Q: 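Okay, handing you the structure first.
Keep in mind it's a predicted model, so treat the numbers as computed, not measured.
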Amino acid sequence: MLKVHRCVRPVGLKSLSANAVATSAFMPIARWLSTSQTVSAHARFAQWIDATTGKLNTSGLENKWKARWAEIKALEKQQMQANPSSSTELTAEDIERLFYVLVMFPYPSGVLHMGHVRVYTISDTISRFYKMRGKHVIHPMGWDAFGLPAENAAIERGIAPDAWTASNIDIMKEQLARILADFDWDRELATCDPSYYKWTQYIFTRLFEHGMVYRKEAVVNWDPIDQTVLANEQVDRNGRSWRSGAVVEQRKLNQWFAKITDYADDLLRDLESLDWPEHVKSMQTSWIGRSEGAEFAFALDPPTPHSEARSISVFTSRPDTLFGVSYLAIAADHPLVSSAHLPKDRAEEVLQYAQQVSATQAAGSDRTQSTRTGVFTGLYAKHPLDSSRLVPVYVAGYVLSGYGTGAVMGVPAHDVRDYEFSQANGLSVLPPVVEPKPASDIQSLEMPVFTGEGMLRRIPENGPYGGMSSAQAAMEIIKAAAERGVGKNAVNYRLRDWLLSRQRYWGAPVPIIHCPSCGAVPVPESDLPVQLPSGIEISGRGGSPLARASEWVNCKCPRCSGAAKRDTDTLDTFVDSSWYFLRYTDPHNTRQPFDALRASAAMPVDIYIGGVEHAILHLLYSRFISKFLWRTKSFGYQAVESLGTVSEAVKDAIRKRESGSAVNGEPFKRLLTQGMVHGLTYKDPSTGRFLKPDEVATDRDSGELRIKLTNELPAKSYEKMSKSKYNGVDPNETVDKFGADATRLHMLYLAPPQDTLEWDTQSIVGMQRWINRVGRLVDSACDTPPTQSIEMALDSRQQWAKEARETFRQTNIAIQRATEALTGTFAFNTAIAALIELSNCLGTVADRKHPTFAHGLMCLIKMLSPMAPSVGEELWEIVQKSGYPQMTASHCAAENGAEAASVFAERWPKVDETALKQQNVTIVVQVNGKVRFRLEDVEADQSQEALIQAASEHAQAKKWLFDLGSGQQRAIRKVIHVPNKIINIII
């Protein structure tokens with residue numbers, strides 16, 4: 001049963017459990033903070049600013065608070081160990097307050113780049129914000145640690161992959177601490193840890209038991225020299241192996257696949273419920289690629305001697321164009337592309353072309369040119385509804401075996417790609433069989449291709465279907481083909497089943513044992529994990545490294561105890577990352593992947609943050625595995641229903657959590673995809689060569705940046721950071737120079753998170769200066785603490801001076817803007833702009849003893865803190881020690897009434913809607929369009945009539961609104977009124 005620890009910590013620090021709820025246990029920590037390592041009554045923010053240079057001692061400030069946070073965490077652990085009875089069962093309230101913030105876990109490369117800094121700053125800010133909103137936030141971190149880079153490092157450096165990975169994890173954890181990222185490290189996991197991949201293997205066996213994985217032959221990239229399988233990224237643009245230089249071949253190996261296509265309709269339908277960016281949902285929709293149409297069988301003529309290759313099956317979404325077929329195109333690895341089926345006089349040329357196409361596809365080359373290349377096979381096929389017509393069969397570079405049936409029908413008159421292919425290969429083209437409605441001259445088009453639906457032309461080729469609409473003809477053609485046994489209705493998906501097998505070492509071994517008698521047998525749960533064997537030489541040559549570990553490979557069949565062999569493939573790393581968000585909910589469970597109640601209480605993830613480059617495969621595979629586990633009742637309301645010890649209130653809370661925008665086991669309720677970080681790049685304008693930073697310098701006379709060697713102006717642009725462009729920025733150097741708080745603020749301020757960010761260190765000094773200004777503002781305010789609390793002062797709001805009313809209004813405007821930015825648009829730049837405006841407003845306040853100033857200042861500090869945590873903590877500690885807590889208890893006290901231990905134990909400010917309305921305004925009075933005078937400090941939202949009356953009573957009214965001779969008010973012909981701003985009186 002899920003336990004909730006009742007030991008409350010300063011919210012915003014490391015969580016020792018998913019929930020930190022009650023407050024009684026918070027007292028010892030609060031008292032410790034009030035007596036230990038506190039600032040003196042006269043300490044100020046100025047102590048951190050160098051009096052000579054004006055620079056903030058960022059390292060000292062950050063180290064102080066990192067040490068303080070670490071001590072608090074240590075106290076929490078002691079407190080929980082000393083008071084284990086503080087754990088109680090999960091309640092419905094706990095579930096309602098849970099908020100799961102998840103950032104895509106990184107590959108432990110050992111180097112934190114600016115893209116990492118951006119995404120972790122975003123997630124950390126959101127996490128801290130929701131903690132201050134009273135949520136029990138889960139904000140975990142782990143490592144996507146399996147994969148090819150570690151294996152390559154093992155080959156190049158002669159170091160074991162696990163040692164290299166562990167070292168990199170330690171380095172990156174230290175780097176994450178430097179940017180003040182606050183993660184639930186007690187939930188940390190690494191996919192290469194046997195305690196994790198045991199359950200990855202378990203999920204594979206569950207898929208196997210439910211018939212959701214199978215084994216079949218599939219094409220791989222084969223290095224004929226090193227005798228090994230290559231990943232696509234190990235094949236260069238010329239189709240050669242990155243290590244041996246050999247031309248890569250396409251070979252077929254038995255591989256494991258997951259039946260993700262069985263979930264295609266669910267994956268497509270449930271996209272609509274998700275609060276995801278539309279372009280991401282569009283990408284997923286396109287990748288799934290559902291098409292309705294028909295499948296036709298074109299019988300080979302003459303037939304081949306092999307019964308399995310008597311016809312070619314093709315799928316088309318345009319059955320109405322069947323009579324316009326000019327050729328059939330098959331993939332390079334189609335079963336017909338073999339010497340057994342091809343005419344002898346064509347076999348050599350066809351097979352040679354097929355090999356070239358396979359190498360090109362292995363290299364991931366641009367397939368634009370391959371849409372035009374092809375070769376005639378020498379085979380012909382009969383038209384399914386007109387046996388007198390023979391259609392030539394080509395191998396074409398644009399056809400992929402993994403899509404549809406691996407064969408398509410070419411209709412040049414109604415498909416641009418087919419037209420280009422026919423022109424490049426000299427095919428005779430049938431006339432258009434479909435014409436627009438109303439009929440038009442097809443030949444008058446720029447290209448003789450009509451791709452839309454319309455009417456079937458009354459021509460001999462169309463037979464009895466001429467004159468029908470495309471929709472009607474499609475139905476009749478499919479019906480006729482079905483009656484003859486050569487066609488049927490069909491739904492096709494671009495989505496293919498998920499290839500799970502990898503022929504590498506550094507991955508989770510496939511938990512299958514191959515027995516001569518029993519076939520493929522899953523490894524029993526009691527024997528999991530199937531651990532990677534140690535001491536294996538990893539050379540990148542000679543096939544799968546695991547296949548060479550004979551002692552590991554040879555085993556007994558768990559079913560019949562006979563001699564058997566382990567599967568020597570490892571699982572795709574996407575399998576590891578397809579369920580890690582569930583493991584985070586219960587990371588130390590040794591009996592199962594996760595407890596059903598724990599996972600159900602936290603899922604779906606409230607907000608998932610990561611790069612848009614993962615918008616297709618990772619998200620799709622995660623959705624599939626999550627839906628499978630939900631459907632098989634591993635988590636979710638249906639799983640909890642069967643738990644007799646769970647209260648109805650808890651079940652209702654879980655049902656409510658599941659019934660929002662993410663349904664049917666969807667793992668991620670809301671998705672925030674951050675853009676890339678681009679760096680300033682210099683190029684030689686003559687050669688286009690990228691320039692190193694030390695190759696350019698600022699000219700002393702002109703102030704322009706010039707190339708040292710030639711004195712030319714370099715070409716400047718912002719491009720994706722890379723070593724080859726010399727435009728990378730080291731986060732460690734940036735934090736050393738500017739501090740973590742300024743770096744975080746600058747990162748959030750430069751651009752909305754969805755946009756590409758152009759990193760510019762020159763403007764970061766603006767954030768440094770603003771931090772110092774806020775610090776000086778707090779220092780000056782501490783000399784004049786407020787005379788009463790804001791709650792007490794609100795009772796006399798009508799007696800406030802104009803300055804106090806405006807200060808309170810500006811504070812609430814800032815609260816509204818910052819809150820909307822952090823809950824809705826995630827436009828952190830807008831939130832920071834609102835705080836800058838609020839600080840500017842507070843800087844002009846004369847009466848700093850008025851509680852509205854204290855209220856504004858403390859709201860500013862609290863709203864700044866999620867984005868700049870160490871500065872926020874320091875400023876909060878300073879105001880605590882200066883008399884503010886005593887006068888404004890509701891803002892400076894923790895929930896239990898104790899002195900607040902941390903700014904993150906505070907509640908995020910709430911908007912006072914009544915304060916947003918301007919009480920008094922200045923109205924500009926125009927007469928005939930020209931400004932004549934102003935109505936100062938008048939009540940806001942007055943009617944047009946009331947303002948005209950007020951204007952007529954103004955001292956200047958006689959001069960502009962009255963006749964000087966008669967003294968009578970002039971007739972008003974028209975009034976233009978802009979509420980609370982202008983009234984223009986036309987006389």
Q: Is any side-chain heavy atom of F826 closer than 4.5 Å to a side-chain heavy atom of I607?
A: yes

Q: Identify the two heavy atoms, one from L860 and one from S839, that lie closest to each other, and give their separation to 0.1 Å.
A: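 In terms of heavy atoms, the two residues are closest at CD2-CB, 3.9 Å.
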
Q: Would the distance check show the side chain of H614 and the main-chain N or O of G611 forming a donor-acceptor pair, the cut-off being under 3.5 Å?
A: no

Q: Treating R773 as the side-chain partner and Q768 as the backbone partner, does any N or O pair qualify as donor plus acceptor under 3.5 Å?
A: no

Q: Stepwise, does the side chain to side chain donor-acceptor pair (under 3.5 Å) test hold for T91 with D94?
A: CA-CA 5 Å; T91 68; D94 297 330; 2.9 Å; yes

Q: More than 12 heavy atoms of other residues, nucleotides or ligands under 6.0 Å from CD of E96: yes or no?
A: yes

Q: What's the shortest heavy-atom distance between L757 and M747, and which atoms?
A: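 Looking at all heavy atoms of both residues, the closest pair is CD1-O, 3.2 Å.
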
Q: Does any N or O in the side chain of D586 come within less than 3.5 Å of the main-chain N or O of R598, such that one atom is a donor and the other an acceptor?
A: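 Such a contact is absent between D586 side chain and R598 backbone.
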
Q: Is the F146 to Y197 ring centre distance short of 6.0 Å?
A: yes

Q: With a 3.5 Å distance limit and no angle check, can you tell me whether R118 reaches the backbone of Q674 through a side-chain donor-acceptor pair?
A: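 Side chain of R118 to backbone of Q674: no pair is present.
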
Q: Would you say P149 and Y107 make side-chain contact, with heavy atoms under 4.5 Å?
A: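 With C-beta onward as the side chain, the pair touches.
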
Q: Search all heavy atoms of S577 against all heavy atoms of F581 and return the closest pair with its distance.
A: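 Closest approach of S577 to F581: O-CE2, 4.2 Å.
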
Q: Any donor and acceptor pair, going by atom type alone, linking the side chain of W506 with main-chain N or O of A145 inside 3.5 Å?
A: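 Yes, the answer is positive, given that a donor and an acceptor are paired below the 3.5 Å cut-off.
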
Q: Could you walk me through whether V871 and L864 pass the side chain to side chain contact (heavy atoms under 4.5 Å, CB included) check?
A: CA-CA 8 Å; V871 166; L864 170 66; 4.2 Å; yes

Q: Please check: side-chain N/O of R583 versus main-chain N/O of N589, any donor-acceptor pairing under 3.5 Å?
A: yes

Q: F105 and D576: side chain to side chain contact (heavy atoms under 4.5 Å, CB included), yes or no, with the steps?
A: CA-CA 11 Å; F105 64 171; D576 308 318; 5.7 Å; no

Q: List in chain and number order the residues that pass salt bridge (Lys or Arg N to Asp or Glu O under 4.0 Å) with E658, two or more places apart in sequence or in another chain; answer none if no residue qualifies.
A: none

Q: Does the pair W579 and T200 meet the rule for a side chain to side chain donor-acceptor pair (under 3.5 Å), with working shown?
A: CA-CA 8 Å; W579 73 282; T200 302; 3.0 Å; yes

Q: Indicate the ring-plane relationship of F668 and Y608, choosing parallel, tilted or perpendicular according to the 30° and 60° boundaries.
A: parallel

Q: Can you tell me how the ring of Y584 sits relative to the ring of Y580, calling it parallel under 30°, perpendicular over 60° and tilted otherwise?
A: perpendicular

Q: List the atom of F129, the atom of L822, and the distance in Å for their closest heavy-atom pair.
A: CD1-CD1, 3.5 Å

Q: State whether the side chain of S127 and the backbone N or O of S123 hold a donor-acceptor pair below 3.5 Å, judged by distance alone.
A: no

Q: Does any part of the side chain of L875, heavy atoms only, come nearer than 4.5 Å to the side chain of V774, both counted from C-beta?
A: yes

Q: Would you call the rings of H116 and H113 parallel, tilted or perpendicular if under 30° counts as parallel and over 60° as perpendicular?
A: parallel

Q: What I want to find out is whether D193 reaches K198 closely enough, with some N-O distance under 4.0 Å, to be called a salt bridge.
A: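 Salt bridge flag = no for K198 with D193.
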
Q: Take S865 and E873 through the test side chain to side chain donor-acceptor pair (under 3.5 Å) and record every step on the way to the result.
A: CA-CA 7 Å; S865 296; E873 288 276 34; over 6 Å; no

Q: For a side chain to side chain contact (heavy atoms under 4.5 Å, CB included) check, start with the C-alpha distance between T830 and R817, then their side-chain angles and the critical distance, and finish with the verdict.
A: CA-CA 7 Å; T830 300; R817 290 177 63 192; 4.0 Å; yes

Q: Kindly indicate whether the side chain of S634, heavy atoms from C-beta on, has any atom under 4.5 Å from the side chain of F594.
A: yes

Q: I'd like to know whether the aromatic ring centres of F828 and Y749 sit less than 6.0 Å apart in this structure.
A: no

Q: Strictly distance-based, threshold 3.5 Å: is any side-chain N or O of S600 a donor or acceptor partner for the main-chain N or O of G636?
A: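 Looks like yes, one N/O pair under 3.5 Å.
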
Q: Kindly indicate whether the side chain of F99, heavy atoms from C-beta on, has any atom under 4.5 Å from the side chain of I138.
A: no

Q: So how far is it from I171 CD1 to I169 CD1, rounded to the nearest 0.5 Å?
A: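 Rounded to the nearest 0.5 Å, the CD1-CD1 separation comes to 10.5 Å.
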
Q: Any non-hydrogen side-chain atom of T825 less than 4.5 Å from a side-chain atom of P752?
A: no

Q: For the pair D606 and K669, find out whether any cationic side-chain nitrogen is under 4.0 Å from an anionic carboxylate oxygen.
A: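 A salt bridge is present here (some side-chain N lies under 4.0 Å from a carboxylate O).
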
Q: With rounding to the nearest 0.5 Å, note down the distance linking CZ in F738 to CD in E733.
A: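 So the CZ of F738 and the CD of E733 are separated by 10.5 Å.
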
Q: What's the spacing between M132 CE and E906 CD if we round to 0.5 Å?
A: 7.0 Å

Q: Is the gap between the ring centers of W876 and F904 under 6.0 Å?
A: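 They do not qualify: ring centres at least 6.0 Å apart.
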
Q: My understanding is that only one of L748, I126, T125, V903 makes a side-chain contact (heavy atoms from CB on, under 4.5 Å) with P866; could you say which?
A: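 Exactly one candidate clears the test, T125.
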
Q: Nearest 0.5 Å, please: how far is OG1 in T811 from NE2 in H855?
A: 5.5 Å

Q: Does the Lys NZ or Arg CZ of R187 fall within the cation-pi geometry relative to W143 - under 6.0 Å from the ring centre and within 45° of the axis?
A: no

Q: Roughly how far, to the nearest 0.5 Å, is the CD atom of E874 from the CH2 atom of W48?
A: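 Answer for the CH2-CD pair, W48 versus E874, is 5.5 Å.
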
Q: For a quick test of reading the model, state the closest non-hydrogen atom pair linking T823 to R670 and the distance between them.
A: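 Answer, listing the atom of T823 first, then R670: O-NH1, 2.8 Å.
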
Q: Taking side chain as C-beta onward, heavy atoms only, is P529 less than 4.5 Å from Y202?
A: no

Q: Just by distance, do the side chain of D741 and the backbone of S870 share a donor-acceptor pair under 3.5 Å?
A: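 Pair found, side chain donor or acceptor close to backbone of S870.
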
Q: Working to the nearest 0.5 angstrom, can you tell me the gap between D186 CG and H588 NE2?
A: 5.5 Å

Q: Could you check if a side-chain atom of F635 sits within less than 4.5 angstrom of a side-chain atom of I654, using non-hydrogen atoms only?
A: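 Result no, sub-4.5 Å side-chain heavy-atom pair not found.
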
Q: If every non-hydrogen atom of V640 is compared with every non-hydrogen atom of A596, which pair is closest and at what distance?
A: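 Minimum heavy-atom contact is CG2-O, 4.3 Å.
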
Q: What I want to find out is whether E93 reaches R97 closely enough, with some N-O distance under 4.0 Å, to be called a salt bridge.
A: yes

Q: Do side-chain atoms of R744 reach the backbone of M867 as a donor and acceptor pair under 3.5 angstrom?
A: yes

Q: Salt bridge between E62 and R178, side-chain N to carboxylate O under 4.0 Å?
A: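 Salt bridge between E62 and R178, a charged N being under 4.0 Å from a carboxylate O: no.
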
Q: Before accepting this row, confirm whether a basic side-chain N of the pair R68/E877 lies closer than 4.0 Å to the acidic partner's carboxylate O.
A: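 So R68 pairs with E877 through a salt bridge.
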
Q: Would you sort out whether L102 and I609 count as a side chain to side chain contact (heavy atoms under 4.5 Å, CB included), showing the intermediate values?
A: CA-CA 6 Å; L102 180 61; I609 307 156; over 6 Å; no

Q: May I ask you to decide whether K173 forms a salt bridge with E188, counting only side-chain N to carboxylate O separations under 4.0 Å?
A: yes

